[in-house]
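Structure first, commentary second.
Here, residue 1 is the first one in the sequence, and each next residue gets the next number.
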Amino acid sequence: MTRSGIIFLSILILNALIAVGYLIWYLIFKKDTDNRKQYVMHTVIMLLCPVVGILYFFLAFLKYHFVNLGERDLTDVEFSKKRNVPRVKADEERERNIVAVEEAILVSDQEKKRINMLNVLLGETEESYSAIALALDSDDSEVAHYAASFLQSKMDTFRENVRKTQQNIAESDIQEEECQEQVLELIKYMNHMLKQKVFTRVEQVDFVKQMEQLCETLFQNAKHKMVPACYECIMGRTMELKEYDKAEIWGSRFCKQYPEQLSSYTLRLKLYFETNQKDKFFEVLDQLRASSVVVDNKTLELIRMVQR
């Protein structure tokens, strides 16, 4: 090998040793693992660009630590130890064009009503299906068409998702954790849609019945998976349909499994208030008073209404 070849090879070897040493120094000796990707990237650059890469990072190090190029602008620096919460600037142009669903429907100008309705449908609508359903009775056929098409699409998606998930559950073993989780998620998913009451009564009753069967399956086979939210879901939906006998059964189960959960008392108080069963209402109230559960304002207001 010629003398120039030996020098070139020596430079490559030395460059590689420096690059690897740089990586070992920061990751092992200084234990700066938070910036691991940065150091790996630097090492790769030094290996791919012998000498030049090392010189670049060395000069950058010198500049950062020893060279002061002008005064730093500290006018926007806050030295207070109080926590600063970053805020993202709102999209003012878009916000100006978005109005409440009810207001969008009530606008008299036809063109503005259509634009408002489209803005509403393009926004976050997961909690607004019942309000969007109001637009079905709009005097503007175009607005009614927007609402009908949107709701029909969402309802079809819901029906198909419920059907597929029910089929998967039927083909699985309920004793398996994965199947139990699937049932739990389906109950929550169905409740999110059913509580907005966009289906016909017949279909609403059918879906609530399916949801109750899912709750029964979970209660009988994996009772520990029946979280308070499940009881709240099924009691809320059955009470809406005035199926009070079913709601009472689930309320009793709820209280037995979660005696320290406020909603297990609140929902039963609401149930007996709606059915005008004062004896049972005060029986539940006595149970609540005997427990260590902290009562919220809504429950107190319900109690005051009955005691007046």
Side-chain angles (χ1 to χ4, degrees), residues 101 121-133 136 147-268 270-271 274:
V101 179
L121 298 181
L122 290 172
E124 295 295 328
T125 56
E126 292 297 318
E127 303 292 339
S128 306
Y129 296 155
S130 56
I132 292 171
L136 296 175
S149 298
F150 176 83
L151 288 175
Q152 191 61 49
S153 173
K154 294 296 182 181
M155 290 160 69
D156 286 344
T157 301
F158 173 79
R159 295 183 186 103
E160 184 63 16
N161 288 342
V162 170
R163 187 190 65 79
K164 286 183 177 179
T165 310
Q166 289 269 37
Q167 186 177 350
N168 289 338
I169 292 170
E171 294 172 353
S172 305
D173 184 359
I174 191 61
Q175 301 302 326
E176 295 180 357
E177 180 81 13
E178 185 178 351
C179 183
Q180 295 168 8
E181 285 294 330
Q182 203 170 21
V183 173
L184 181 60
E185 290 303 314
L186 181 56
I187 292 170
K188 293 178 180 178
Y189 174 72
M190 292 180 71
N191 181 69
H192 181 268
M193 188 71 170
L194 294 175
K195 70 181 180 181
Q196 303 192 59
K197 294 178 276 190
V198 293
F199 294 100
T200 62
R201 171 156 182 101
V202 173
E203 201 166 13
Q204 184 83 4
V205 169
D206 181 59
F207 278 125
V208 170
K209 185 177 180 180
Q210 290 183 45
M211 193 170 78
E212 186 185 12
Q213 290 172 347
L214 290 168
C215 289
E216 187 67 36
T217 300
L218 211 56
F219 182 82
Q220 297 296 338
N221 295 279
K223 192 175 178 180
H224 64 283
K225 287 290 184 180
M226 279 292 292
V227 295
C230 285
Y231 286 107
E232 292 166 8
C233 290
I234 192 60
M235 286 190 70
R237 304 295 73 76
T238 51
M239 286 169 66
E240 284 174 355
L241 296 174
K242 302 190 183 304
E243 296 178 344
Y244 296 121
D245 292 343
K246 293 180 179 179
E248 187 171 18
I249 292 171
W250 287 108
S252 177
R253 290 175 172 181
F254 190 8
C255 190
K256 286 180 182 178
Q257 187 171 353
Y258 297 101
E260 299 303 314
Q261 185 75 23
L262 175 60
S263 54
S264 69
Y265 297 96
T266 305
L267 285 169
R268 287 188 298 149
K270 184 180 177 184
L271 168 65
E274 288 187 12

Partners passing salt bridge (charged side-chain N to carboxylate O under 4.0 Å, His left out) against [X] (at least two apart in sequence or in another chain):
X      : value
Lys209 : none
Glu232 : none
Arg163 : Glu160
Glu203 : Arg159

Q: Just jot down the side-chain contact (heavy atoms from CB on, under 4.5 Å) partners of Ile249, sequence neighbours excluded, or say none.
A: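 Partners of Ile249 by the side-chain contact (heavy atoms from CB on, under 4.5 Å) criterion, ordered by chain and then number, come out as Arg253.
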Q: List in chain and number order the residues that pass side-chain contact (heavy atoms from CB on, under 4.5 Å) with Glu248, two or more places apart in sequence or in another chain; answer none if no residue qualifies.
A: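 With neighbours one apart ignored, the set is Leu271, Tyr272, Lys280.
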Report the distance from atom [atom1] of [X] to atom [atom2] of [Y], rounding to the nearest 0.5 Å.
X      : Y      : atom1 : atom2 : value
Leu214 : Glu185 : CG    : CD    : 12.0 Å
Gln166 : Asn161 : CD    : CG    : 11.5 Å
Ile174 : Gln180 : CD1   : CD    : 5.5 Å
Gln204 : Lys195 : CD    : NZ    : 12.5 Å
Leu218 : Gln182 : CG    : CD    : 12.0 Å

Q) Do any pairs count as a ring pair (Phe, Tyr, Trp, His ring centres under 6.0 Å) and have a residue in residues 172-191, sequence neighbours left out, and if so which ones? A)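 Passing the test, one end in residues 172-191: Phe158-Tyr189.
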Q) Does any pair with a residue in residues 259-268 pass salt bridge (charged side-chain N to carboxylate O under 4.0 Å, His left out), and if so which ones, sequence neighbours excluded? A)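 Sorted pair list comes back empty.
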Q) Any luck finding a side-chain donor-acceptor pair between Gln257 and Tyr231 under 3.5 Å? A)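 Note: Gln257 and Tyr231 side chains meet the donor-acceptor criterion.
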(Q) Closer than 4.0 angstrom, basic N to acidic O: yes or no for Glu243 and Arg237? (A)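 Looking at Arg237 together with Glu243, the answer is no, because their closest N to O distance does not fall below 4.0 Å.
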Q | CA sep, side-chain torsions, deciding dist, call: Cys179, Asp173, side-chain contact (heavy atoms from CB on, under 4.5 Å) | A | CA-CA 6 Å; Cys179 183; Asp173 184 359; 5.9 Å; no
Taking only residues two or more places apart in sequence, or in another chain, which ones meet [X] in a side-chain hydrogen bond (donor to acceptor under 3.5 Å, both in side chains)?
X      : answer
Glu178 : none
Gln213 : none
Asn221 : Gln175
Lys270 : none

**Q.** Minimum heavy-atom distance between Ala247 and Met235, given as atom pair plus value
**A.**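 Closest approach of Ala247 to Met235, heavy atoms only: O-CE, 3.5 Å.
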Q. Closest approach of Tyr265 and Pro259, non-hydrogen atoms and distance?
A.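 Closest approach of Tyr265 to Pro259: OH-O, 2.7 Å.
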Q.
Set out, in order, the CA-CA distance, both residues' side-chain angles and the distance that settles side-chain contact (heavy atoms from CB on, under 4.5 Å) for Lys154 and Val198, then state yes or no.
A. CA-CA 10 Å; Lys154 294 296 182 181; Val198 293; over 6 Å; no
**Q.** side-chain contact (heavy atoms from CB on, under 4.5 Å) assessment of Lys242 paired with Glu274
**A.** CA-CA 9 Å; Lys242 302 190 183 304; Glu274 288 187 12; 5.5 Å; no
Q: For the pair Cys230 and Phe219, evaluate side-chain contact (heavy atoms from CB on, under 4.5 Å) and give the outcome as yes or no after the intermediate values.
A: CA-CA 10 Å; Cys230 285; Phe219 182 82; over 6 Å; no
